[in-house]
Amino acid sequence: MRLRNYLVGKTLWYVGALLVAIVLNFLLPRLVPGNPVDAIVAQLGRSGTQAEALKRIHEHYVAEFGLNDPMWQQFITYVVNLLHFDMGTSFALYPAKVEGLILEALPWSIGLQLPAILIGWLVGNALGAIAAFKGGWFDRGAFLGSLFLSSMPYYCLAILLLYGFAVALPMLPPGGGYEPIHTPALTFPFIIDVLRHYWLPFFSLVIIFVGGQAVGMRSMAIYELNSDYVNYGRGLGLPDSRIVRYIFRNAMLPQVTGLALSIGTLVGGSLITEIVFSYPGIGYLLFSAIGQNDYPVIQAITLIVVVAVLVANFLVEVAYGFVDPRIRAAQAGER
């Protein structure tokens, strides 16, 4: 009964948060002074687009957004389009559909961030747990190094790596996802070229992620080291590797939360890195859309990021309800 109440309460809370996010995502572009469609058509007119084409573009966007309809009717149109996964037409890349642009950029962001998050999480947690258990010079060195890395902004390390390995020592390409001479295809030359462009943004993410995870895991592991079961295990003569495994497992709960939230921000989490390296992912697409006032693309990416974070948080809350009965008891006590 307690578990069911816990899950129902969390589900209702996150559904409400999702509805608020959808409403805000609908309202914010419409609260901008002026008409964004008129602004983008005027911008196209200054760039030399013919009058007939401007009229056709204007009529398309007015019909798509229902700008001549009342606000409530525009909102219904917006929600219906979302349910059909229709996110509109790009202003800057007319007549390209927004969902098509996102589907082109999404694999690049996932391919860059997901391995960096998983590898950084595993290596950082293992390093933090071992450092806390070993102590001494190893702990001091690992802690100071991890603290330095976790405090460094992503873009600083990205710029340093860019200068070091693409300018001073031109071993790797300075930016992009692949050379313009190549056409995206599952061919050996293209894959090799993609991997050459991949390493600099990848290491700029994974190195800092290792540092942050190691600092957090070390703090939790030091707390666990003072627990009775550790002293008892040492008294029994258990090997260090087995005790470290127990410490690692019991200190994992906050780290699992961090992993889930990192995966939740997977879509837009590498924005700065993608900008520095001109990497063709979601972050770079969002940056380009902001510079071009491409409201449909901005709306779509923002909503996707919000939904991903909400889903990640919800899954963490559900997992906590099953893993840690103290959370269910605390929620029941509040009621």
Side-chain angles (χ1 to χ4, degrees), residues 1-28 79 82-83 85 87 102 105-106 109-122 124-125 128 150 154 205-206 208-217 219-220 223 248-274 281-283 285-286 298-335:
M1 181 65 72
R2 286 182 176 180
L3 178 59
R4 187 181 67 183
N5 293 338
Y6 174 79
L7 294 178
V8 170
K10 291 299 179 183
T11 301
L12 292 175
W13 194 95
Y14 279 100
V15 168
L18 177 60
L19 293 176
V20 171
I22 290 174
V23 171
L24 289 176
N25 200 50
F26 167 79
L27 287 177
L28 289 178
V79 173
L82 280 182
L83 293 176
F85 300 101
M87 297 181 178
I102 291 175
L106 192 59
S109 290
I110 293 176
L112 175 63
Q113 281 226 86
L114 188 59
I117 289 172
L118 295 178
I119 293 173
W121 189 81
L122 291 171
N125 283 313
S150 64
Y154 285 106
L205 292 173
V206 74
I208 291 180
F209 203 76
V210 166
Q213 292 298 311
V215 171
M217 188 62 184
S219 300
M220 293 302 302
Y223 173 81
F248 186 83
R249 183 167 54 189
N250 290 326
M252 285 303 295
L253 201 57
Q255 302 302 96
V256 170
T257 305
L259 175 64
L261 295 179
S262 297
I263 293 177
T265 57
L266 185 72
V267 176
S270 59
L271 172 64
I272 303 299
T273 301
E274 290 181 4
I282 290 291
L285 178 62
L286 177 61
I298 297 171
Q299 269 188 292
I301 295 177
T302 303
L303 184 61
I304 290 172
V305 171
V306 170
V307 170
V309 172
L310 288 176
V311 170
N313 276 277
F314 176 70
L315 294 177
V316 169
E317 298 268 18
V318 171
Y320 273 16
F322 284 101
V323 173
D324 194 343
R326 294 172 298 179
I327 295 177
R328 296 199 303 271
Q331 294 287 334
E334 291 177 0
R335 295 185 180 90

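One-based numbering along the sequence shown. We use all heavy atoms of the structure for the numbers below, so side chains are in, but hydrogens, waters and symmetry mates are not.
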Peer 1: Nearest 0.5 Å, what's the CG-CD1 distance between L112 and I282?
Peer 2: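 Taking CG in L112 and CD1 in I282, the distance rounds to 12.0 Å.
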
Peer 1: Where do G283 and S109 come nearest, in terms of heavy atoms and distance?
Peer 2: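 So the two residues come closest at N-OG, 4.2 Å.
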
Peer 1: First locate atom CE of M87, then atom CG of L303, and finally report the distance between them rounded to the nearest 0.5 Å.
Peer 2: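 Between M87 CE and L303 CG, I get 6.5 Å after rounding to 0.5 Å.
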
Peer 1: What residues form a side chain to side chain contact (heavy atoms under 4.5 Å, CB included) with I119, not counting sequence neighbours?
Peer 2: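 Residues passing side chain to side chain contact (heavy atoms under 4.5 Å, CB included) with I119: V123, F202, V206.
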
Peer 1: Starting at CG of L285, measure out to CD1 of I298 and round the result to the nearest 0.5 Å.
Peer 2: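 One gets 10.0 Å once the value is rounded to the nearest 0.5 Å.
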
Peer 1: When rounded to the nearest 0.5 angstrom, what distance separates CZ in F85 from CG in L83?
Peer 2: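 Separation between the atoms: 8.0 Å.
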
Peer 1: Quick one: pull up CD in E274 and CG in L286 and give me the separation to the nearest 0.5 Å.
Peer 2: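 One gets 9.5 Å once the value is rounded to the nearest 0.5 Å.
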
Peer 1: What donor-acceptor contacts under 3.5 angstrom involve side-chain atoms of residues 18-27, with partners at least two apart or in another chain?
Peer 2:
from	atom 1	to	atom 2	distance (Å)
N25	ND2	Y78	OH	2.9
N25	ND2	Q299	O	3.1

Peer 1: State which residues pass side-chain hydrogen bond (donor to acceptor under 3.5 Å, both in side chains) with N313; sequence neighbours excluded, sorted by chain then number.
Peer 2: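 N313 satisfies side-chain hydrogen bond (donor to acceptor under 3.5 Å, both in side chains) with no residue once adjacent residues are dropped.
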
Peer 1: Calculate, to the nearest 0.5 Å, the distance between atoms CG and CG belonging to L114 and L205 respectively.
Peer 2: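 L114 atom CG to L205 atom CG measures 12.0 Å (nearest 0.5 Å).
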
